[in-house]
Amino acid sequence: MITLRQLEFALAVAKHRHFKRAAEDCNISQSALSLGIAELEKQLDTQIFERNNKQVLITPIGEDILARAQRVFSEVNDLTTRAHSHQSALAYPMTVGIIPTIAPYLLPKVLPALRKHYPEFRMSIVEQQTERLLEQVRYGHIDTAIIALPYAVDGLHSFEFWSEDFFAVFPKNDVHAKLDTINSDELATANLMLLGEGHCLTDQTLSVCHFDRTQMKSSFSDASLNTLIQMALANMGTTLVPEMALDQLNLQDQNAVAVPLAEEGPHRHIAFVTRLNYARVDDVNLLGKLFKQAFEDAAQSGSKDANKYS
C-alpha cells in the first residue's frame with residue numbers, strides 16, 4: 001500500500017534533487033528516506049528517480065507520478081482544514097506567505113490587532129517572492145498568501161483588502177526632495193534603483209512609470225528594499241517605496257523625504273490569494289477585514305500611511 005509519507009519523501013527529493021537534503025527536510029535519516037522511496041517504486045513497479053553519485057534525475061513517468069502526488073497532498077491538506085472548518089473563527093493554525101516588499105511593513109501594523117482579537121490563533125509566516133508563494137498555495141504547502149496586484153493569479157481566488165501609492169525616496173539635501181510630486185521623466189534622470197527580476201514591486205514600477213526594463217541601468221537582483229533605501233539616502237540615486245513603509249522610513253532616518261509619484265494611483269493593491277476549493281475561505285476573509293481595520297486605525301491615530309482602501 002502506497003503511503004502519504006512515501007509520497008512526501010519522493011516530493012522532497014524532487015524539490016531538492018538531493019537525497020541528503022530531502023532527508024533533512026523530512027526530518028529523517030537518509031537511509032530511511034531511501035528505503036521509503038525504494039518501497040514506493042516497488043509498489044508502483046516503476047522507477048521514479050535515476051540516481052548516481054553526482055545527481056538525481058526524474059524519469060518521464062516519474063514526472064507524471066510526482067505531479068499527481070502534489071495534487072494528492074493538496075487534497076489531503078484541504079481535507080484536514082475542512083475537518084476543522086466547523087470550529088470557531090481562526091481556531092486552527094494557518095501558514096501565510098507574504099512577499100518581502102509587504103511583510104516588514106504590514107506585520108507591525110496587523111499583528112497587535114490579531115493578538116488582541118484572536119490571542120489563541122497561531123500564524124506561521126513564509127516570506128518569499130510572489131511566484132514561489134503562488135506555487136506553494138496551489139500545491140497546498142501553505143494556506144494563503146499576501147501579494148501585490150496586479151499579478152496573474154490564474155486558478156486562484158484573490159481577496160483585495162488595501163490599495164496604496166508609491167513614493168520616491170531622497171535625502172533632504174537632494175534637489176528632488178523639494179518637489180511636490182515626481183514624474184517618470186524626472187525619475188529616469190534621478191538614477192532610479194530597482195530590485196531584480198522576480199520582485200513584483202519592480203514590475204509594477206516599470207508598468208506605472210511606463211519604463212522599458214532594457215532601458216533601466218540600475219537593477220539589484222540580490223538587494224533588499226531596505227538596502228536600496230539606504231543607498232538612496234546616501235545620494236546614490238532613488239528608489240520607490242510603498243505607502244505602507246512611510247512610517248518606518250521616517251522613524252528610521254529623519255533625513256528621509258518621500259515624494260509622491262505624479263502618475264495616477266493607486267499603484268498597487270494588496271490581496272490574499274487562496275485555492276479555489278480552500279476550506280477556510282471565511283478565515284481568509286476575516287483576516288482581510290482585520291488587516292484593513294488595523295491600517296485604518298493606524299491612519300486615524302496619526303500614521304503617515306495615507307492609504308486608500310478598497
Side-chain angles (χ1 to χ4, degrees), residues 98-108 127-133 146-152 162-270 303-308:
I98 312 179
I99 62 174
T101 57
I102 291 180
Y105 313 116
L106 177 141
L107 292 175
E127 187 175 342
Q128 291 181 342
Q129 292 183 16
T130 306
E131 189 59 36
R132 178 61 179 147
L133 290 181
I146 299 174
I147 67 168
L149 304 177
Y151 199 94
W162 185 45
S163 59
E164 64 179 354
D165 292 334
F166 294 154
F167 290 72
V169 177
F170 298 99
K172 287 182 179 179
N173 62 0
D174 190 286
V175 63
H176 299 92
K178 299 177 176 60
L179 297 173
D180 292 329
T181 62
I182 186 167
N183 60 38
S184 298
D185 292 337
E186 290 164 328
L187 277 176
T189 61
N191 188 30
L192 178 61
M193 299 178 290
L194 300 174
L195 297 169
E197 290 191 31
H199 290 276
C200 61
L201 181 62
T202 293
D203 294 333
Q204 289 154 3
T205 296
L206 295 173
S207 176
V208 167
C209 298
H210 309 290
F211 288 147
D212 184 341
R213 183 185 295 274
T214 60
Q215 297 175 335
M216 301 308 297
K217 299 179 181 179
S218 300
S219 180
F220 300 83
S221 58
D222 296 323
S224 68
L225 181 56
N226 188 57
T227 297
L228 296 190
I229 291 172
Q230 295 305 313
M231 295 173 67
L233 295 179
N235 290 106
M236 298 178 67
T238 188
T239 193
L240 296 187
V241 299
E243 204 164 350
M244 66 169 69
L246 294 186
D247 54 351
Q248 290 190 36
L249 176 65
N250 287 315
L251 287 174
Q252 179 180 331
D253 195 323
Q254 296 298 313
N255 185 48
V257 175
V259 180
L261 288 190
E263 276 65 26
E264 183 179 358
H267 301 138
R268 73 173 184 176
H269 303 267
I270 312 303
S303 168
K304 294 184 179 180
D305 290 275
N307 302 320
K308 294 177 281 295

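Keep in mind that what you see is a predicted model, and the values were worked out from it rather than measured. Reckoned from all heavy atoms, side chains included, excluding hydrogens, waters and symmetry mates.
For the atom pair CD1 of I99 and CD1 of I147, the computed distance is 7.0 Å after rounding to the nearest 0.5 Å. The CG atom of L194 sits 8.0 Å away from atom CG of L228, with the distance rounded to the nearest 0.5 Å. Between the OG1 atom in T101 and the CD atom in E127 there is a gap of 9.0 Å [rounded to 0.5 Å]. D174 contributes atom CG, which lies 8.5 Å from atom CG of L179 (distance to the nearest 0.5 angstrom).
Nearest heavy-atom pair, P100 versus Q128, reported as atom, atom and distance to 0.1 Å: CD-O, 3.3 Å. Of all heavy-atom pairs between V169 and L249, the closest is CG2-CD2, 4.0 Å. Annotation for Y151 and E131: closest pair OH-OE1, 3.0 Å, computed over non-hydrogen atoms. When all heavy atoms of F170 and A177 are compared, the closest pair comes out as CB-CB, 4.1 Å. Considering all non-hydrogen atoms of both residues, P108 and A103 come closest at CD-O, 4.2 Å.
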- prompt: Which is it for Q129 and L195 under the side chain to side chain contact (heavy atoms under 4.5 Å, CB included) test, yes or no, and what are the steps along the way?
  reply: CA-CA 12 Å; Q129 292 183 16; L195 297 169; over 6 Å; no
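Although no hydrogens or angles enter the test, the distance criterion places no donor-acceptor pair under 3.5 Å between the side chain of T238 and the main chain of L192. At distances below 3.5 Å, not a single donor-acceptor pair connects side-chain atoms of E243 with backbone N or O atoms of E164. Judged by distance alone, the side chain of E186 and the main-chain N or O of N183 form a donor-acceptor pair under 3.5 Å.
Between T239 and M231 the shortest side-chain heavy-atom distance does not fall below 4.5 Å. Counting only heavy atoms from C-beta outward, the side chains of L187 and T205 never approach each other to under 4.5 Å. P171 places a side-chain heavy atom less than 4.5 Å from the side chain of N235. Looking at heavy atoms from C-beta onward, I182 lies in side-chain contact with H176 at the 4.5 angstrom threshold. T181 has its side chain out of reach of L261: every pair of non-hydrogen atoms, C-beta onward, lies at least 4.5 Å apart. Looking only at side-chain heavy atoms (C-beta outward), K172 and N255 come within less than 4.5 Å of each other.
Under the 30°/60° scheme for interplanar angles, the aromatic rings of F166 and H267 are found to be tilted.
Counting heavy-atom neighbours within 6.0 Å of N173 CG, excluding the residue itself, gives a total above 12.
Here the options are L106, L225, I102, the test is side chain to side chain contact (heavy atoms under 4.5 Å, CB included), and the partner is P242; only L225 passes.
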